[in-house]
Amino acid sequence: NYHELEIDVKKEQQIRQKIGYTTQDSAQFHSLPNGIVMGFERADGTNKVRVVLSELFYLQAQINELATQASLQKSSSNELTIRPSELFDNEIYLEEIADIICIALAELPSLLNLQEVVETLLYVRNGSKIVCWIVANMPDCFREVVTALITNSDEDTTDGRVKLAALYELSEMNPSQALSMRTICVETVKMPSLMIKLSLQDPQNLVAFVCGLLLGNDQNIRSSFALYIRTSQKRKGDVLHQLREEFLKQLMNINLQSVNGTLLEELVVQAAAIVRLYCALRTISGIKFFDEEVQLLVQLITSKPPPTPAGIRFVSLGLCMFIACPSLITHQSHEAKMIEWIQWLIKEEAYFESVNEVSASFGEMLLLLAIHFHSNQMVHITELVCSTLGMKFSLRPNTITRIKVIFTQEIFTEQVVAAHAVKVPVTLNLNATIPGYLPVHCIHQLLKSRAFSKHKVPIKSWIYRQICNSVTPMHPVLPALVEVYVNSIILPNQKGLQEQHTHKALSEQEIAQVFQNAAGLWNKEQQGKVKTLNQTGLDRSAKEHGHQQPMEVDDSGNRQPNLTPQLLLLYYLLLYEDIRLSSMPQIIASGRQVKSYTNEFMSELPIKYLLQQAQKNQHEYSALFSPLLRLLVTHFPHLSLVDDWIDEECIAFNDSSVAPTIGEHMIVEAFEEIDLNPARIIKLLRRMLRKSATELWPLAPTFIRYFKHTLNPTVPLLLQELYRQVWMRLNTIFPRRLWVMSINALMPANKVTKNFTLTQENILFDPLQVLRCDKRVFRSSNALTIVLRILQAILAASRSQLSRHMLDKPLIDIGNQVKTDNDREELKLAMIATQESVAVQIILEACLENETDCSEPGRLWALREVRGVICSFIHQMFIAEPSLAKLVHFQTYPRELLAITVRGIPSMHICLDFIPELLSMAEMDKQIFAIDLASH
């Protein structure tokens, strides 16, 4: 009757509580004169249960008392003391005792707690066996018992070691639950010895499991397991020794299966895993290798793997392990073996690539390591080794001194590195998604350290080929490569060495070839130029370089040319000219001849279009857009006008795939009938606005030729507005060529201009030629907007040209008139002010009303619209340069325009600052002008 039994046991506990739990043992309490064992043997079933439970509670009370004393004494000792128990120590009764406890746990749940019972039993000599019997009789509680034992233990204490022994016995009793026990250990970060012991039962997955612990994502697991291995090594723990013996056995097995030092293909992945494991044990856990381990590891790493991706990975890991674990080559024979292996790698790199058809990244890694060793870049070496091995650790410089000497003096002298690097094939379709260390990293580092210049190794061809073989998204090291290449061409070595060798700059023909391959942005005339260049030998070089541009697909599904090489070459050109101009005094002083790129050549490149594409796809050109924009604003301000940026934002690019093709004959026919059928042109212009700028550009010469036709008084205003919109769209491709075409098309038809064509050079020399156009332009707001946009850009270009001229021709010989750079700067500013003030005077005169405006209908409305355009333009000029407003008003202009300028130009209020000064002028006309200005 378990109910009566429960009542009796509770009464016993109450009595014991009164008299003290430990004052009487179970035999004394139950009046058993012959001892508890004899009493147990002679008792009936119910009394046997009473005796076992009484002994169990007696032990539990002893343990609690000890724990209370330890806490009162503030002792941190958790040492377990085995309690003597005549009943539980007798192995004859263990089975019967276990059965009684199991029944009691099932029938008396209010009295007994499984976890407390197990904890108490561990304090007796045969406690582990009894726990195993209990769990065997109650298999559903296996996980609960195991979890409790693992969670509430520390294997460094005696208590923990007893629990560890119990867990060993439980795992042997139930081998199928070994993995789940190991998982509990990992999750709770407890019992690392048990983890290893259980893992040793499955040797095939042992390497993967230990790698997961040391190199996994959980920082807590990594650090605790590494600490366990470090402390176990000092204590010479048996479990760690068994683990290392198993690893050694696997290492030996791989080496035995290698025939003549050649690693079998099916063993490569396993070998790479064990190399990485040993590296983690050394660098993270600080384990010290045995001599036998060192010998076998060196033998394995220096074996020759098959030419597969896994083989290349194995080689890369081996290289990094020699650097991460310098203790592997402390013996001279091991060092000689490593040097021989690395020399074999250098020799066989081409074979690996030819068979595998992938880039053998270990070749680039060898080069990069050698380069970093030469330049003593310890941080970069550590980053490279850590990223390859996939683990974080630090390298001490004093530990890898010998490795450095081997790399820099015995295997890779700087000359060998430079000569070998230039022979490495370029990476095809280089982009930011390609992982690892590539040839471009090696070349960049060598250029940075001036190794190519020092040993007179030409590098231009390699860089050109790599630029041509780049695609989006742009690799982040490419802009840096271009930068160090340009520096190596122009700037002398900063260390002051006297080598005379400098690299050659890219030729204009090579650059033109890349742009010609890019897209149909070049008109027939330009394509003819490039074909002529090809016939002189450029086509042969193109075949050698193999840089036929791949096509990419945009969001709408259209095939687009890859613009990465063009953007890189544009960056090269701008950076080259920037550094060349800023270094001209030093270049002239040294007497060197440095190549310069002409304005004519630069004007043939679609600079503005390329910048627009880079801005639109900044996520693909993130490393390039900012420096490219900075250089463009500095050297080509006329291609980065604020108005242009605003207009480009407003341009809506529709899907042009559905729009029918537009030919030159259609434009010619439509404009020839402009007076008879303007609706036809309006329809055509609307169709053109549905096309992209690149599709429209081939039609630009024909389209601009009919610019004057739109100035006729009978032409509808809508047609002029649409014409302006198409012109603005064309202005995003080759703006400078469009400006020259437009100015020539608008020149008045007379005997002087009949056989005269302006060039870009003429216009830059005299920007005011822009305003020598057909008079009708000054009564058409749309045409005038175009002309003023050209004028604004040409004035900016002229300013840039003058600044460039001053940099290009620094003051070396001091003449009679110009003695200092300040004199030249003043002359430049005077020239710019003269040009801009004359431009303002000319367009102000266009605001004057003439007889035709009064006689012809609609002209006064046109004049009013034109005045608004002109006033807005002058306002921008005054805001950009307030001194220009003062200069223009000191020059004066027709007083009848004052009413227009004061009302139409918001910035005219700045005139109040200098009206007193204007009044003090000696000339009567200027005084009258000042009074009239003040009156408005």
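Just so you know, these numbers use all the heavy atoms, side chains as well, and skip hydrogens, waters and symmetry mates.
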Requested in this report: Applying ring-ring contact (aromatic ring centres under 6.0 Å, His included), run through His380 and His441 and close with a yes or a no.
Outcome: CA-CA 12 Å; His380 295 317; His441 291 98; over 10 Å; no
**Report entry** Nearest atoms (heavy-atom pairs only) where Leu758 meets Gln769
**Finding:**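 Of all heavy-atom pairs spanning Leu758 and Gln769, the closest is CD2-OE1, 2.9 Å.
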Query - Option among Val486, Ile579, Leu628, Leu569 that satisfies the side-chain contact (heavy atoms from CB on, under 4.5 Å) test with Leu574 - result: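 Checked Val486, Ile579, Leu628, Leu569 against Leu574; only one passes side-chain contact (heavy atoms from CB on, under 4.5 Å): Leu628.
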Query raised in the report: Under 6.0 Å from the six-membered ring centre of Tyr597 and within 45° of its axis: does the NZ or CZ of Lys595 meet both?
Result: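 Pair Lys595/Tyr597 counts as cation-pi.
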Report task. Evaluate side chain to side chain donor-acceptor pair (under 3.5 Å) for Ser883 paired with Glu881, printing each intermediate quantity in order. Result -> CA-CA 5 Å; Ser883 62; Glu881 188 56 64; 2.8 Å; yes
Answer with yes or no whether the side chains of [Y] and [X] bring together a donor and an acceptor at under 3.5 Å.
X      : Y      : result
Ser692 : Glu695 : yes
Asn731 : Trp739 : yes
Ser798 : Gln801 : no

Requested in this report: Compute the centroid of each ring, for Phe703 and then for Tyr723, and state whether the two points are separated by less than 6.0 Å.
Outcome: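 Between Tyr723 and Phe703, which both carry aromatic rings, the centre distance is below 6.0 Å.
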Query raised in the report: In terms of side-chain geometry, is the basic nitrogen of Arg772 or Asp766 positioned less than 4.0 Å from the acidic oxygen of its partner?
Result: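 Result for this pair is yes, salt bridge flagged.
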Query raised in the report: If you measure from the Lys or Arg side-chain nitrogens to the Asp or Glu carboxylate oxygens, is any gap between Glu604 and Arg737 under 4.0 Å?
Result: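 Result for this pair is yes, salt bridge flagged.
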Requested in this report: Applying ring-ring contact (aromatic ring centres under 6.0 Å, His included), run through Tyr576 and Tyr572 and close with a yes or a no.
Outcome: CA-CA 6 Å; Tyr576 182 93; Tyr572 160 79; 5.8 Å; yes
Tabulate below the donor-acceptor pairs under 3.5 Å that side-chain atoms of residues 629-639 make, not counting sequence neighbours, or state none.
{"from": "Thr634", "atom 1": "OG1", "to": "Arg630", "atom 2": "O", "distance (Å)": "2.8"}
{"from": "His635", "atom 1": "NE2", "to": "Asp578", "atom 2": "OD1", "distance (Å)": "2.7"}

**Report entry** Side chains of Leu563 and Tyr609 in contact at under 4.5 Å (non-hydrogen atoms)
**Finding:**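 They are in contact (side-chain heavy atoms under 4.5 Å apart), so the answer is yes.
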